Every structure is written in C-alpha cells, then in structure tokens.
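Here's the structure we're looking at; comments come further down.
As the structure is a prediction and not an experimental result, all values here were calculated from the model. Along the sequence shown, residues carry numbers from 1.
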Amino acid sequence: MEAMTALTALSSAYDVIRQPLGQILPRLSRVLADVVPHRAVAELSTHCAHSPFKTYGEAEITDRLTTADLAPLLASGVAGRPWQGTLHLAGADRPVLAVRSDATPRGAVLLVIRDESTAHGEAGGTGAAGEAGDPGEPLGPGAAGQPGSDEAAVALVQALWDLVTSHFDRLAAEAVPGALARSRTAAGTRARVIAELGEAHAAALTSLLGVLRSRTLDDAAARAAATDLAVSALVELRATAERDQRIAEEPADQAFARLADSLRPLVRYSPVRLELGGPGSTRPLAADVAHTARAVVLAVLMKVLEQEAVSRVHIGWQITDDELRAAVRDDGPGTLSLCTLSPGRVRERLDVLDGRLDVDAVPGWGTTVTATVPLRAAQEPAPHPLTSLGERELEVLTHLALGHRNRAIAQELHISESTVKFHVANILTKLGVGSRGEAAALFHAAA
C-alpha cells in the first residue's frame, strides 16, 4: 500500500469532514479504500447520544455487527496506538484494524474489517480465535509484513480518525438549537425503546427460568442446561443495557474535569485566580446536558473575564435529584446582566433542554450566574421546525438562507437543479411556509 502524499491526505480529510453527518463514515471508508483495503467499517462514538454506533460496507458483515463487538475495543484501546489482529466477527475470524481517539469525552473507536486477500497478518498480539488479545498493544515495527508502507497507512488512518472525531466533538459542543432538539428527542426515544425491550426480554427470560426451576418437571439435565442458557441471556441483556448507557452518558465528575481542562488555559497568564468546585458525584449525565453545561460556563466565563477589577472567579457544579446547577461567581463590579451574558446560542441551547439562566449582580460586590438544566424531562421537548428536515434538505436550506439560487446550490452540492427544486418544495411543505424568504427567516431564527 502506498501512503498518500501530504497534500492528498489533507484534501481527503477536508472531503470527509465537509460531508453531512450521515455521510461521514461512508466517505471515510471510500477515502481509506486504497490505503487499507477493507470490506466494512464500524464506529462507536460517545459524541452522539442517539446514534453512537454506525456501520458501512458489505451487508453480510455490517448487518451482524453490534455495539458488543466494538465496546471492548473502546474500553481497552489506547488513543494513538492502533491495533491490528484477528477478531471473530459476523460468524468468522476476520483481520481488523482498530484505532481509538480521545477527542470525544469518553473516546471513539473505528474498526476497519480488512479484505482478507490484502491483509498481511496481524500485529499487537491476539489470543485464540475470537479473542482480541490486548487491543491496547501498539502496532509493532515491521508488523503486517510490509513495515514501511503498512505503518504509514495505519498512521494515516489514526490521523484521519483523530480529525473526524475532533470535528464530531466540535459539532456536539456547538450544536445549533434545531440539531440539539432533534438529538434530545431522538436520544429520549432511543432510551425508552431500549428500556422497554430490556424489560420485555427480562420478563420473558424470568418467566422461562420460573418454569425451568419448577421441581414438578422431569428431565433434570435438560432443565439445568436450559436454566444456564436463560441465566446467561439475562446477564448479557443487563450488560448490554449498562454498556449502552455508558456510551450515551458521561459521569458528572469526568464531565466537570473536562470542563476544567478547557478553562485553565484562559487564565494561565492572567491575574485572575480560578477556583473550581466539582460536583463530587459520578452520577451519569446525558451527553447533551454535559455538552450544554460546559458550553454555557465557557461562554459566561469569557464575558466575566472582559470585566475590569476581577481577581477571583469560582466555578462550581451542583447536582440534585432533578437538576444540574452550573454557577460562575466573580468578585468584579457587579454590573453584568442577562443581556450581556447571552452570547451566541447560550439561551437557545438552554431553552431546548428546558433550562434557564439566572443572574444575581450586586454592584461593587460581584456577580453570580447560574445555569440550571433539568436532569429529568417530564416530556419530550417540543420539536423545532427544522427538525423535520433531512440532512440534504438542511444543506439546501443553509444555501437558500444565504440567498443562493438553485443553480448555485446545485453546483455546490453536486446535484441537479431539478433535485434542488424538489428539495426546496419539500422544505416549504415541511416548514409550513409559502416562500423561500420565510424558510430562510426560520433558519436564521434558529441560528
């Protein structure tokens, strides 16, 4: 395999991250096809609460992959240390390449199921067939039969995945209100479906166990074997539910630690003393709640630091049964207000999560700003009008809102003008508006 030139690699990276979210993995697969020939790819990412697991490639493989196949790699893999080996996937032993990035809160893993005819062996160590060995082992020099080219190819895959996951994390941290509302609704629906399925399966297996454990039945050996199977199924069911919850949520103390790491550089060369008070809790927070709390605190701190005569800022998170309260308290002039503390999309993001921003300013003594985010939603948030649009329709609307005509949109998105007209008609219908101008106004209102 010949490694890409630096210019080609940069062009490929740009081509990947400019795609709509649903097309990033397919495009990444196509970019890597010549570098690491493969049959399928799968990702498990913690940036996306409602769709952390995605696949692309041959249906024979992708239809049989699950989060359970990637979870061990996410848990034990080491960022920046790719692993090659053999895993038992989709009913067969297959050569794979796994790369992990820590750009998202709890990491993201990309699994490349290689083409058996072009894979040159394994590196990093494997156990028996179906065991991943130690996914944390780095790719060793000279592994996979072609030391120079294969190492360069694997390093390129790692670099691209780091770039893609950094892009994911930025999108999650800066989500527009419409996208955040859609994510919140989808995540809530997904959680309910998983809980309902889990309860149904658990009830069925528990009933089965009750029958099998009955002493009135004959054939003790058959009963014992069936009981073991049912118990194993229950254990796996509960493990799967817990694993899925860990992927879609972030422990509160880890979420705050990540916030602290992003804030310290802001005051490193400043006379302002930053005091941090963590939540002192490992309670899991939904990904959208953690992202929003960090974004709000960062935006508020930036405004606080613009004041004169500020020598100390205290930032603390407090978690109750129902709420997360993120407070920023300074000893400045006490002149801040809600108007000055609502930059960008802070208020809109809080509104989507039914949160609020409170300001308590005392002239001469300082200001306390508190963002409160509910942890238990009584009902799904009302969907934003833009959430009814598909990915391509949102792209068309973005250009439409900039005043672009159909021909320019078609050229930019590499589609025909008739397709653009079709999308525009759908957009107007879904948004319930009668003109392109009204659709553009809705878009700008959500931005």
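For the atom pair I409 CD1 and H404 NE2, the distance stands at 7.5 Å (nearest 0.5 Å). Note that CD of Q158 is 10.0 Å distant from CG of L160, once rounded to the nearest 0.5 Å. Here L259 contributes atom CG and H291 contributes atom NE2; the two are 12.5 Å apart, rounded to the nearest 0.5 Å. The CG atom of L70 lies 7.0 Å from the CG atom of L65; values are rounded to the nearest 0.5 Å. One distance of note links OG1 of T86 with CZ of R114; it measures 10.5 Å at 0.5 Å rounding. I319 contributes atom CD1, which lies 4.5 Å from atom CG of L285 (distance to the nearest 0.5 angstrom).
When side chains are defined from C-beta on, D322 does not count as touching L375, because their heavy atoms never get closer than 4.5 Å. Between R264 and D261 the shortest side-chain heavy-atom distance falls below 4.5 Å. Side-chain contact between T370 and L357 is absent, with no heavy atoms from C-beta onward closer than 4.5 Å. Taking the side chain as every heavy atom from C-beta outward, V96 and W83 approach each other to under 4.5 Å. Looking only at side-chain heavy atoms (C-beta outward), V313 and V328 come within less than 4.5 Å of each other. Side-chain contact between V41 and I113 is absent, with no heavy atoms from C-beta onward closer than 4.5 Å. Using a 4.5 Å heavy-atom threshold, the side chains of V304 and T367 count as separate. In this structure the side chain of E43 reaches within 4.5 angstrom of the side chain of W161, judged on heavy atoms.
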What's the verdict on side-chain contact (heavy atoms from CB on, under 4.5 Å) for I315 and L301, showing C-alpha distance, side-chain angles and the deciding distance? CA-CA 9 Å; I315 294 175; L301 179 61; 4.1 Å; yes

Test log, rule side-chain contact (heavy atoms from CB on, under 4.5 Å), inputs D330 and Q307: CA-CA 10 Å; D330 69 54; Q307 302 176 103; 3.2 Å; yes

Run L110 and L25 through side-chain contact (heavy atoms from CB on, under 4.5 Å) and show every step you take. CA-CA 10 Å; L110 175 71; L25 185 62; 4.0 Å; yes

Before giving the answer on side-chain contact (heavy atoms from CB on, under 4.5 Å), spell out for R312 and V310 the whole-Å C-alpha distance, their side-chain angles and the decisive distance to 0.1 Å. CA-CA 6 Å; R312 182 172 63 88; V310 174; over 6 Å; no

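Here the closest non-hydrogen pair linking G334 and A361 is O-CB, 3.5 Å. Residue S270 comes nearest to L266 through the heavy atom pair CB-O, 4.4 Å, listed as atom of the first residue, atom of the second, then distance. Residues L397 and A440 approach most closely at CD1-N, 4.5 Å, considering heavy atoms. Of all the heavy atoms in L73 and L87, the pair that sits closest is CD1-CD1, 4.1 Å. The two residues V297 and A326 have their closest heavy-atom pair at CG2-CB, 3.8 Å. Summarising the geometry of E58 relative to A40, their closest heavy-atom pair is N-CB, 4.2 Å, with the distance given to 0.1 Å.
T398 places a side-chain N or O within donor-acceptor distance of the main-chain N or O of L394, the cut-off being under 3.5 Å. In this structure, the side chain of Q318 does not engage the main chain of G278 through any donor-acceptor pair within 3.5 Å. Side-chain atoms of H38 come within 3.5 Å of backbone N or O of V36 as a donor-acceptor pair. Looking at R283, its side chain does come within 3.5 Å of a backbone N or O of T320 through a donor-acceptor pair. A donor-acceptor pair under 3.5 Å is formed between the side chain of E393 and the backbone N or O of G390. Without hydrogens or angle criteria, R94 side chain to L89 main chain gives a donor-acceptor distance under 3.5 Å.
For the residue pair D331 and S311, a side-chain donor N or O sits within less than 3.5 Å of a side-chain acceptor on the partner. No side-chain N or O of R27 forms a donor-acceptor pair with one of Y56 less than 3.5 Å apart. Checked by atom type, the side-chain pair S101/D162 shows a donor-acceptor distance below 3.5 Å.
Under a 4.0 Å N-O distance rule, the pair E275/R273 qualifies as a salt bridge.
For A293, the side-chain contact (heavy atoms from CB on, under 4.5 Å) partners at least two apart in sequence or on another chain are W317, L324.
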